[in-house]
> 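Pasting a structure here, questions to come.
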Amino acid sequence: MLKVLKSGFFVTIQDLGRYGYRDIGVPVSGAMDVDSVKKANLLLANAPNAAVMEITMTGPTLLFEEPSFICLSGAHIHATLNNKPIENYQVVQVTKGDIVSYGRLENGFRAYLAIKGGFQTEKVLGSRSQFVPVTKTKRLKDGDEVLYDKNISFKPLISEVKIDDHFLKDYLEVYKGPEFELLNDSQLSEIFTKTFTVSKENNRMAYQLSELIEGHAHSMLTSGTLPGTVQLTPAGRLIILMKDGQTTGGYPRILQLSEESICTLAQKKSGDIFTIKLL
C-alpha cells in the first residue's frame, strides 16, 4: 500500500489508455507522455500497460508501506527518497516506511512514477486511468491509499539508462488532417512559419495556442477526433486535442500530431514555444 501524504498539483493514476469505447463518447485517457511511461515500465520489467502515477508540475509526498522497486521518468522534478536525491530512469528499491517527496520543477511538465508490477487500482472499461465520470475520482488527494504488490526479490537486468529528453524538442511533427485541403496558401504559410506559444488554456483535454492564424467560414458536420487532432476555429485559433479530449468535434481537423509529438507537447507548459513541421 502507498499512502499519499501530500498530493501535489494534479496527480493521477494512468496506464496506456481506455480503448474501444470512443463510439459511446469515452475518451482514450491514459498517460499523456506514453514514451516516458513505457521506458520506466521497461526498466522495471513491467508490462507496457502497467499503471503509473502521472505527476503534473508539482509532485506529491508518498509513504510506501511495503517494499518494492520504483522508477521515475518524464519531466525532471527534483525528487528525494528519505531526503536523498534520486534521478530519473534508475531502478530504486523502497522499503517499508520510505518516503518519496518532490521539490522544484527543473524542466518538462509531467513526471511519472512507476512501481514494480504497476499500481493496482480498480479497472473500469479495461483501464485504470482516472477520468471522471468513467472513474469515481479524477485525481489523487491527500490521504488516499493506492495498492501495489509487495516485492523484495526483483533483480533488474538494467538498473539505469541515459535518456535523450524528447520533450526538449522545440518543434512538433504533424500529418495532414482530414480537412487539410481546406487551408489556403496564406494559412499554410502561417502554420509552418510561425512560432507558436502554449496558452494558459492547456490541460489533459486540449492545448490552445496563443497565436491566431487567418480564420475561416467553413461549416462541417460533427466528426470523429483523436488525441493529437489539431482543430482550427473560425476565429483562427488552433486547438490540439489531448488524451482526455472529446471524441467528436465540429471544427476542421487540419492536422494530426505524430505519437512522438503528442509526448513532446505533453511536456510543454504555458509560455513554452515551438514550431510545426509537416511529415
Side-chain angles (χ1 to χ4, degrees), residues 14-35 37-38 110 125-127 129 131 134 166-167 169-199 201-268 272-279:
Q14 302 289 340
D15 51 27
L16 296 187
R18 184 172 283 111
Y19 291 89
Y21 301 96
R22 293 183 66 81
D23 60 327
I24 57 173
V26 179
V28 170
S29 297
M32 291 276 276
D33 180 358
V34 169
D35 184 76
V37 170
K38 287 182 175 179
R110 290 180 171 87
L125 299 181
S127 172
S129 295
F131 176 77
V134 177
H166 59 275
F167 54 82
K169 288 183 177 178
D170 60 358
Y171 62 89
L172 301 180
E173 294 181 324
V174 299
Y175 300 98
K176 294 179 180 179
E179 285 75 53
F180 180 84
E181 300 304 326
L182 295 179
L183 297 172
N184 60 38
D185 289 343
S186 175
Q187 291 168 323
L188 288 169
S189 176
E190 287 188 275
I191 290 170
F192 297 117
T193 60
K194 268 190 172 183
T195 297
F196 291 97
T197 308
V198 176
S199 77
E201 288 75 36
N202 70 87
N203 53 39
R204 284 184 50 86
M205 294 187 69
Y207 272 50
Q208 293 191 33
L209 307 186
S210 296
E211 291 74 20
L212 300 178
I213 68 167
E214 180 184 327
H216 67 87
H218 301 295
S219 60
M220 56 178 282
L221 296 174
T222 297
S223 303
T225 58
L226 296 168
T229 295
V230 183
Q231 297 179 306
L232 177 62
T233 72
R237 176 81 63 192
L238 294 176
I239 300 173
I240 306 176
L241 301 183
M242 299 299 277
K243 293 302 182 75
D244 287 346
Q246 72 267 21
T247 59
T248 61
Y251 297 136
R253 303 157 297 175
I254 59 170
L255 302 168
Q256 179 67 40
L257 265 62
S258 68
E259 289 297 321
E260 182 176 346
S261 287
I262 293 173
C263 297
T264 297
L265 183 58
Q267 294 292 356
K268 297 196 179 299
D272 286 350
I273 61 174
F274 57 87
T275 58
I276 297 175
K277 296 183 178 182
L278 185 64
L279 288 168

> If the condition is salt bridge (charged side-chain N to carboxylate O under 4.0 Å, His left out), which residues does Asp272 pass it with, not counting sequence neighbours?
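Partners of Asp272 by the salt bridge (charged side-chain N to carboxylate O under 4.0 Å, His left out) criterion, ordered by chain and then number, come out as Lys269.
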> Which atom pairs, one a donor and one an acceptor, fall under 3.5 Å between side chains of residues 209-217 and the rest of the protein, sequence neighbours left out?
{"residue": "Glu211", "atom": "OE1", "partner": "Thr197", "partner atom": "N", "Å": "2.6"}
{"residue": "Glu211", "atom": "OE2", "partner": "Thr197", "partner atom": "OG1", "Å": "2.7"}
{"residue": "Glu214", "atom": "OE1", "partner": "Ser186", "partner atom": "OG", "Å": "3.0"}
{"residue": "Glu214", "atom": "OE2", "partner": "Asn184", "partner atom": "ND2", "Å": "3.0"}
{"residue": "His216", "atom": "ND1", "partner": "His218", "partner atom": "N", "Å": "3.0"}
{"residue": "His216", "atom": "NE2", "partner": "Leu232", "partner atom": "O", "Å": "2.9"}
{"residue": "His216", "atom": "NE2", "partner": "Thr233", "partner atom": "O", "Å": "3.4"}

> Take Met242 and Tyr207, measure what side chain to side chain contact (heavy atoms under 4.5 Å, CB included) needs, and give me the verdict at the end.
CA-CA 7 Å; Met242 299 299 277; Tyr207 272 50; 3.8 Å; yes
> In Å, rounded to the nearest 0.5 Å, how long is the span from CD1 of Ile240 to CG of Asn202?
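These two atoms lie 10.5 Å from each other.
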> For residues 221-249, which residue pairs pass the salt bridge (Lys or Arg N to Asp or Glu O under 4.0 Å) check, not counting sequence neighbours?
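Of all non-adjacent pairs touching residues 221-249, those that pass salt bridge (Lys or Arg N to Asp or Glu O under 4.0 Å) are Arg204-Asp244.
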> Counting C-beta onward and ignoring hydrogens, is there a side-chain heavy-atom pair between Ser258 and Leu279 closer than 4.5 Å?
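Counting from C-beta outward, Ser258 and Leu279 do come under 4.5 Å.
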> Compare every heavy atom of Met220 with every heavy atom of Gly250, then report the nearest pair and how far apart it is.
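Closest pair (atom of Gly250, atom of Met220, distance): O-CG, 3.2 Å.
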> Could you tell me whether Asp185 atom CG has more than 12 heavy atoms of other residues or ligands within 6.0 Å of it?
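At most 12 heavy atoms, drawn from other residues, nucleotides or ligands, come within 6.0 Å of this atom.
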> Side chain to side chain contact (heavy atoms under 4.5 Å, CB included) for Leu188 and Phe180? Distances and angles first, verdict last.
CA-CA 9 Å; Leu188 288 169; Phe180 180 84; 3.5 Å; yes
> Less than 4.5 Å apart, side chain to side chain, heavy atoms only: is that true for Thr195 and Phe274?
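Answer no - side chains too far apart.
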> Counting only heavy atoms not in Phe196 (residues, nucleotides, ligands), do more than 12 fall under 6.0 Å from its CZ?
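It does: Phe196 CZ has more than 12 such atoms within range.
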> Working to the nearest 0.5 Å, report the span between CG of Asp170 and CD1 of Ile273.
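Asp170 atom CG to Ile273 atom CD1 measures 7.5 Å (nearest 0.5 Å).
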> Rounded to the nearest 0.5 Å, how far apart are CG of Leu183 and CG of Leu255?
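If we round to the nearest 0.5 Å, Leu183:CG and Leu255:CG are 7.0 Å apart.
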> Measure across Leu16 and Val28 and return the closest heavy-atom pair with its distance rounded to 0.1 Å.
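Heavy-atom minimum between the residues: O-CG1, 4.5 Å.
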> Are more than 12 heavy atoms, taken from residues, nucleotides or ligands other than Lys38, located less than 6.0 Å from that residue's NZ atom?
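For Lys38, atom NZ is not crowded (no more than 12 foreign heavy atoms under 6.0 Å).
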> Supply the atom-to-atom distance Glu259 CD to Asp35 CG, rounded to the nearest 0.5 angstrom.
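Here the rounded value is 10.5 Å.
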> Atom CD in Gln256, atom CD1 in Ile262: separation rounded to 0.5 Å?
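It is 6.0 Å, given to the nearest 0.5 Å.
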> Do the side-chain N and O atoms of Ser199 and Gln208 include a donor-acceptor pair separated by under 3.5 angstrom?
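No, because no side-chain N or O of Ser199 sits under 3.5 Å from a partner of the opposite role on Gln208.
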> Mind checking salt bridge (charged side-chain N to carboxylate O under 4.0 Å, His left out) for Lys169 and listing every partner two or more places apart, or none if nothing turns up?
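Partners of Lys169 under the salt bridge (charged side-chain N to carboxylate O under 4.0 Å, His left out) test: Glu260.
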> State, to 0.1 Å, how close Pro27 and Gly245 come at their nearest heavy-atom pair, and which atoms those are.
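Nearest heavy atoms, Pro27 then Gly245: CB-O, 3.3 Å.
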> Can you give me the closest heavy-atom contact between Gly25 and Thr247, atom names plus distance?
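Residues Gly25 and Thr247, closest heavy atoms: CA-OG1, 3.6 Å.
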> Give the minimum heavy-atom separation between Gln267 and Asp33, together with the two atoms involved.
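So the two residues come closest at NE2-OD2, 2.9 Å.
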> Is there a donor-acceptor pair closer than 3.5 Å between any side-chain N or O of Ser129 and the backbone N or O of Asp15?
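The answer is yes, because a donor-acceptor pair under 3.5 Å joins these two groups.
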> Is there a side-chain contact between Thr229 and Ile239, using heavy atoms and a 4.5 Å cut-off?
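SC-SC contact between Thr229 and Ile239 ruled out.
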> Side-chain contact test, heavy atoms from C-beta onward, threshold under 4.5 Å: evaluate it for Tyr251 versus Val230 and give yes or no.
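Side chain of Tyr251 against side chain of Val230, heavy atoms only: no contact under 4.5 Å found.
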> Taking the side chain from Arg110 and the backbone from Cys263, do they hold a donor-acceptor pair closer than 3.5 Å?
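It does not hold such a pair.
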> What pairs with Arg18 under salt bridge (charged side-chain N to carboxylate O under 4.0 Å, His left out), at least two apart in sequence or on another chain?
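None.
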> When rounded to the nearest 0.5 angstrom, what distance separates CG in Leu241 from CG in Leu257?
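So the gap between those two atoms works out to 10.0 Å.
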> Take Ser261 and Thr264 through the test side chain to side chain donor-acceptor pair (under 3.5 Å) and record every step on the way to the result.
CA-CA 5 Å; Ser261 287; Thr264 297; 5.1 Å; no
> Any side chain to side chain donor-acceptor pair (under 3.5 Å) involving residues 171-183? Give me the pairs, sequence neighbours left out, ordered by first then second residue.
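Of all non-adjacent pairs touching residues 171-183, those that pass side chain to side chain donor-acceptor pair (under 3.5 Å) are Glu179-Arg253.
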